[in-house]
Amino acid sequence: MARRQRAAVGFVVLLVAVFLLLVRGQPGGPTIARAVDDVGQLLAALLASVACTWRWRRSPGRPGRPWLLLSLGTGAWCAGEAVWSWSEVVAGQQTPFPSLADAGYLLFPVLAAIGLLLWPSAGLTRGARGRALLDGVLVAGALFILSWVTALGTAIGADSASGFARAVSLAYPVTDLVLLTLTVVIVANARRESGSGLPLLAVGLVSLCVADSGFAYLSATEAYATGALVDAGWFGGFLLIAAAAVAPAVPQAKSEVTSKEQPLTSTPATLLPYVPAGIGLAVTVINELRGTSDRLTFAAFAVVVGALLVRQLLAALDNRALLRRLVEAQQELQYQAFHDPLTGLANRALFADRLRHGLELHRRDRRPLGLLYCDLDGFKAVNDTLGHDAGDEVIRAAAERLRALTRPGDTVARMGGDEFAVLLEDGGDASAVAGRILAGFAQPTAVGRHSVAVGVSVGIAALPPDSPAVDAATLLRRADAAMYTAKRAGRGTAVEWEQPTLVVPAQVMTA
């Protein structure tokens, strides 16, 4: 929660403390305390409605729809509280139950629930939607257990004067159960950029739902009176909703996460559905040990446990899929780090590693090693006349020819531009390989509708078993120098360093 939101919570807590002091302490007498209680709740609801309306007008389109519903819901509650306050403060009468005030009160959770359903949520994949549904079942089952052993069970068992009064009493915990379930699921799946004010809103809604359920419980047991502790839940809840509405909006990022890429959620949001689940399961176990549980509670317990098991199974499957994608991504990154993007051949980094390994084996085990350095002949003319796209086609064709003309165990690398290198680590005859390469490149290369003649000049640097050990830079310089000697010799040839031997297609001649 941001610093401003924490400050808002602290300020609301301070106001609630003052509210409780005035209502419970009754410094001005019972009449003043009752007026402070009713009018304080009325003003808090009015403030929340005004703030939500302000947020709705500043958030056009889809982001503003939830705030419009919250504005209407808090306005309906405010109207109900106005009826209640008129009866108690102005008329000086005890407000009957049920009354017109209950119509306004009960409209709030309905409209707030619809607003939460319109809240911008994260782009969920099919698996994530399944988890969100399981979270809903998990939370609803756990909250049902808590409500059943408190407000809902008491309201059903109460000896009400009429069936209508009992239905109104039941409506409070039922609508609160739905609203609380949606609150938990939405908080767990809300988009980060749409989450400004959501923590405050969630805490405010929880406070209101607890107050509603407490009111239903106290009304069913005929123990409610103005000034009860549950009144502070309404007062503080609406203040938190107002603070959430005026919280600074978080600008939406330009690059949104696609539907196939589920964004990572925070740890508290991930664990949030487990909190009511744990409490609900603990209450069921305690009641079972006390011998006060019933079949309905046990059935809800079974639903919660089943949802937990299925959710953990989905989490395990998701973790396995995530691990597979991570391994694939690492392999892809490793491939890109050591391969040329145009040809797919080894790049300089991979070739240098293979060369160091081959030189180490030559020094330690006296294994022979051969290095061919190849440069395309006539490549610049292709680039100048046909363009760079045609040049890329020639580079790719040259790479394919080199793969075909060398053995699977040989390392073929693109060293940059039109230069390639071939490393022979297992005793291959470097001169014979160079001859095959020269013969292979004697054929023209097809580039679109054109046929271009692109040859190759090869420099050879070989290390026989009895040759002194050298470093990688030295061997590369030898091969590069031999390649330039081949260029000067007329191109389409191969020259071995220290061995003035000119290699032409299909035969070896002495220079």
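Nothing here was measured: the structure is a model prediction, and the numbers come from that model.
Under a 3.5 Å cut-off, the side chain of Ser71 and the backbone N or O of Trp67 do not form any donor-acceptor pair. Side-chain N or O atoms of Arg55 include none that pairs as donor or acceptor with a backbone N or O of Arg58 at under 3.5 Å. Between the Ser207 side chain and the Gly233 main chain, a donor and an acceptor come within less than 3.5 Å of each other.
Between Val310 and Val137 the shortest side-chain heavy-atom distance does not fall below 4.5 Å. Side-chain contact check for Leu296 versus Phe144: some heavy-atom pair is nearer than 4.5 Å. Counting heavy atoms from C-beta on, the side chains of Pro27 and Leu22 come closer than 4.5 Å. Annotation: side chain of Ile241 is in contact with side chain of Cys52 (closest heavy-atom distance under 4.5 Å). Using a 4.5 Å cut-off on side-chain heavy atoms (C-beta onward), Val327 and Arg324 make no contact. Considering only heavy atoms from C-beta on, Leu177 stays 4.5 Å or farther from Leu146 through its side chain. Leu308 is listed as a side-chain neighbour of Leu281, based on a closest heavy-atom distance under 4.5 Å.
Around atom OH of Tyr335, more than 12 heavy atoms belonging to other residues, nucleotides or ligands sit under 6.0 Å away. At most 12 non-hydrogen atoms from other residues, nucleotides or ligands lie less than 6.0 angstrom from CG of Leu100. Within 6.0 Å of CD on Glu360 lie more than 12 heavy atoms contributed by other residues, nucleotides or ligands. In the displayed structure, Trp54 atom CH2 is contacted under 6.0 Å by more than 12 heavy atoms of other residues, nucleotides or ligands.
Rounding to the nearest 0.5 Å places CG of Leu70 at 6.5 Å from CG of Leu205. Atoms CD1 and NE2, on Ile395 and His388 in that order, are 12.0 Å from each other to the nearest 0.5 Å. The distance from atom CG of Leu359 to atom CG of Asp471, rounded to the nearest 0.5 Å, is 8.0 Å.
By the salt bridge (charged side-chain N to carboxylate O under 4.0 Å, His left out) test, Asp102 is found to be paired with no residue, residues two or more places apart in sequence or in another chain being considered. Listed by chain and number, the residues in a side chain to side chain donor-acceptor pair (under 3.5 Å) with Asn347 amount to none (sequence neighbours excluded).
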Report the C-alpha separation of Val9 and Val203 in whole Å, then their side-chain angles, then the decisive distance to 0.1 Å, and conclude whether the side-chain contact (heavy atoms from CB on, under 4.5 Å) test is met. CA-CA 10 Å; Val9 171; Val203 176; over 6 Å; no
Go through the steps for Leu179 and Leu208 under the test side-chain contact (heavy atoms from CB on, under 4.5 Å), then give the verdict. CA-CA 10 Å; Leu179 183 57; Leu208 292 172; over 6 Å; no
Evaluation steps, side-chain contact (heavy atoms from CB on, under 4.5 Å), between Asn287 and Phe298: CA-CA 10 Å; Asn287 287 344; Phe298 187 78; over 6 Å; no
Residues Thr175, Leu106; criterion side-chain contact (heavy atoms from CB on, under 4.5 Å); working and verdict: CA-CA 8 Å; Thr175 54; Leu106 289 173; 4.3 Å; yes
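The aromatic rings of Phe215 and Trp84 stand perpendicular to each other, their planes meeting at an angle above 60°, with 30° marking the opposite boundary.
For the pair Glu328 and Arg325, the salt-bridge criterion is not met [side-chain N within less than 4.0 Å of a carboxylate O].
Counting only N and O atoms by type, the side chains of Asp294 and Thr297 include a donor and acceptor under 3.5 Å apart. In summary, the side chains of Arg414 and Thr343 do not present any donor paired with an acceptor at a separation below 3.5 Å, with no hydrogens or angles considered. Defined by atom type and a distance below 3.5 Å, a donor-acceptor pair is present between the side-chain atoms of Glu332 and Gln336.
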Give every donor-acceptor pair under 3.5 Å between a side-chain atom in residues 39-47 and any protein atom, sequence neighbours left out.
unit_1	atom_1	unit_2	atom_2	d
Gln41	NE2	Asp37	O	3.3
Gln41	NE2	Asp37	OD1	2.6

